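As structure tokens, the structure follows; a few thoughts come after it.
Keep in mind that this is a model prediction, so the values were computed, not measured.
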Amino acid sequence: MPEHPEVRQITNMINNNFSTVKFNAFQQKQISDKQQSLQINGEYYIHADQRGKQLKLNISFEPVQKLQQSNYFGTFTTQQTKNDFSIIIGFGLLGYFSIDSTPNLNALLSFQNKNMHLNLVSKNPQTVYYYLGDYNLARGPDPIFQQEDFKVLVLKTNFKDKNISDILMNQRYFNGVGNYLRSEIIHRANIHPFKAISYLDPEFINLVISILEEAFSFTSNAVLFNNWLKCYGKASNCIKDKNNRSIWTFRPIREKQTIQSSSNDIKDIQKFLTMMSIK
DNA sequence: TATCCATGATTAG
DNA sequence: TAATCCTGGATAA
């Protein structure tokens, strides 16, 4: 489930349903020794925020009154008071939030009041992580909510002839792109998964952004979403990447060969950077 | 019954 | 690059 569009859906779900809801209990299931032990004492409120594939749960002990618009369109952050703190969540391969009316023994984290439980669950709990603190800044800016930062970073980066499949999965640049989006993006860009890249062009970045938006618009309907997928799990060819993850493609797969990069339009990139007032 | 596989990410060598 | 985290459903045998 959780790539950028799904995390965005979860963020909205939490804020739409629970912005005025008071919680008064919390439980954590210990699944490994290195899992940080969390406690929440007293009554609290929850507000969610997103950066790429990471979700931030702001735990505040006062009702969320002031919603402050952030620098980037579309996203809001709460103003934190002294005792407030944040939990960062990575959903791994199959994590999601479920709203339950009875205790769920599989819940990794459970935010509760007498009416319902907001539970973090997963069929792959070992791939889920969470910690107290803030976003991992080794991961790149959010491609939607920090769009200018994202564009500038990606456009000025020299990827040194790495192939496009590896580049798209690198969370330092494409925080939020995962395995299904990779296949869809490469398919829609009509390039070979092993094409070598030095510089990406603005058109490609805009395609990435619009695909993230498209996927998000279908996240609430499984049938429409599956229909929207054109390549992932459907293409004629499938090959493993260096991390043993599937790359789906309609392109013929030659031996693990790197396809030559085409000449990049440097003028285009510089024009864009000038437009963004970046040297 | 055994094996494979999953929209992820870190760690060791 | 390979191994690891280690669940559970689908598929192969």
Euclidean distance, atom [atom1] of residue [X] to atom [atom2] of [N] [Å, nearest integer]:
{"X": "A:F91", "N": "B:dA6", "atom1": "CZ", "atom2": "C1'", "value": "17 Å"}
{"X": "A:Q35", "N": "B:dT10", "atom1": "CD", "atom2": "P", "value": "14 Å"}
{"X": "A:I88", "N": "B:dA9", "atom1": "CD1", "atom2": "C1'", "value": "16 Å"}
{"X": "A:N163", "N": "C:dT1", "atom1": "CG", "atom2": "C1'", "value": "15 Å"}
{"X": "A:M169", "N": "B:dT10", "atom1": "CE", "atom2": "P", "value": "12 Å"}
{"X": "A:K240", "N": "B:dG8", "atom1": "NZ", "atom2": "P", "value": "13 Å"}
{"X": "A:E3", "N": "B:dA9", "atom1": "CD", "atom2": "C1'", "value": "13 Å"}
{"X": "A:D166", "N": "C:dT1", "atom1": "CG", "atom2": "P", "value": "8 Å"}

A:E184 with A:K234: basic N within carboxylate O range, under 4.0 Å: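 No salt bridge links A:E184 with A:K234.
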Under 4.0 angstrom between [X] side-chain N/O and [N] OP1 or OP2:
{"X": "A:S246", "N": "B:dA6", "answer": "yes"}
{"X": "A:R139", "N": "B:dA9", "answer": "yes"}
{"X": "A:R245", "N": "B:dG8", "answer": "yes"}

Could I get the full list of salt bridge (charged side-chain N to carboxylate O under 4.0 Å, His left out) partners for A:D100, not counting sequence neighbours?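 Per chain and number, A:D100 pairs via salt bridge (charged side-chain N to carboxylate O under 4.0 Å, His left out) with no residue.
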Salt bridge (charged side-chain N to carboxylate O under 4.0 Å, His left out) with A:R8: which residues, sequence neighbours excluded?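 Once residues adjacent in sequence are excluded, the partners of A:R8 under the salt bridge (charged side-chain N to carboxylate O under 4.0 Å, His left out) criterion are A:E213.
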With sequence neighbours excluded, tell me which residues meet side-chain contact (heavy atoms from CB on, under 4.5 Å) with A:N17.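 Scan of A:N17 (side-chain contact (heavy atoms from CB on, under 4.5 Å), adjacent residues dropped) gives A:M13.
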Report yes if some heavy atom in the side chain of A:R182 is under 4.5 Å from a heavy atom in the side chain of A:S165; otherwise report no.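 Yes; the side chains approach each other to less than 4.5 Å.
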Quick one: which of B:dA9, B:dT10, B:dG8 gets closest to the side chain of A:N136?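 Of all the options, the side chain of A:N136 is nearest to B:dT10.
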For nucleotides 2-8 of chain C, give me one character per nucleotide, 5' to 3': B if any protein heavy atom sits under 4.0 Å from the base, S if the only such contacts are to the sugar-phosphate, - if neither. ---BBB-
Whole-Å [atom1] distance, [N] and [M]:
{"N": "B:dA9", "M": "C:dG9", "atom1": "C1'", "value": "23 Å"}
{"N": "C:dC6", "M": "B:dT1", "atom1": "P", "value": "26 Å"}
{"N": "C:dG8", "M": "B:dT10", "atom1": "P", "value": "24 Å"}

Atom CD of A:Q112: over 12 foreign heavy atoms under 6.0 Å: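 Count over threshold, so yes.
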Residue pairs fulfilling ring-ring contact (aromatic ring centres under 6.0 Å, His included) with at least one residue in residues 159-184 of chain A, sequence neighbours excluded: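 ring-ring contact (aromatic ring centres under 6.0 Å, His included) check on residues 159-184 of chain A returns A:F150-A:F174, A:F159-A:Y173, A:Y180-A:F225.
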In chain order, what residues pass the side-chain hydrogen bond (donor to acceptor under 3.5 Å, both in side chains) check against A:R251, with sequence neighbours excluded?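 So A:R251 forms a side-chain hydrogen bond (donor to acceptor under 3.5 Å, both in side chains) with A:N190.
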Near DNA chain B, counting only heavy atoms under 4.0 Å, which residues of residues 175-184 of chain A show up?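 Those residues are A:G178, A:N179, A:Y180.
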Kindly write out the residues that satisfy ring-ring contact (aromatic ring centres under 6.0 Å, His included) with A:F250, not counting sequence neighbours, or none if the list is empty.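 Partners of A:F250 under the ring-ring contact (aromatic ring centres under 6.0 Å, His included) test: A:H187.
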Contacts of A:Y129 that satisfy ring-ring contact (aromatic ring centres under 6.0 Å, His included) - sequence neighbours left out: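 A:Y129: no ring-ring contact (aromatic ring centres under 6.0 Å, His included) contacts found.
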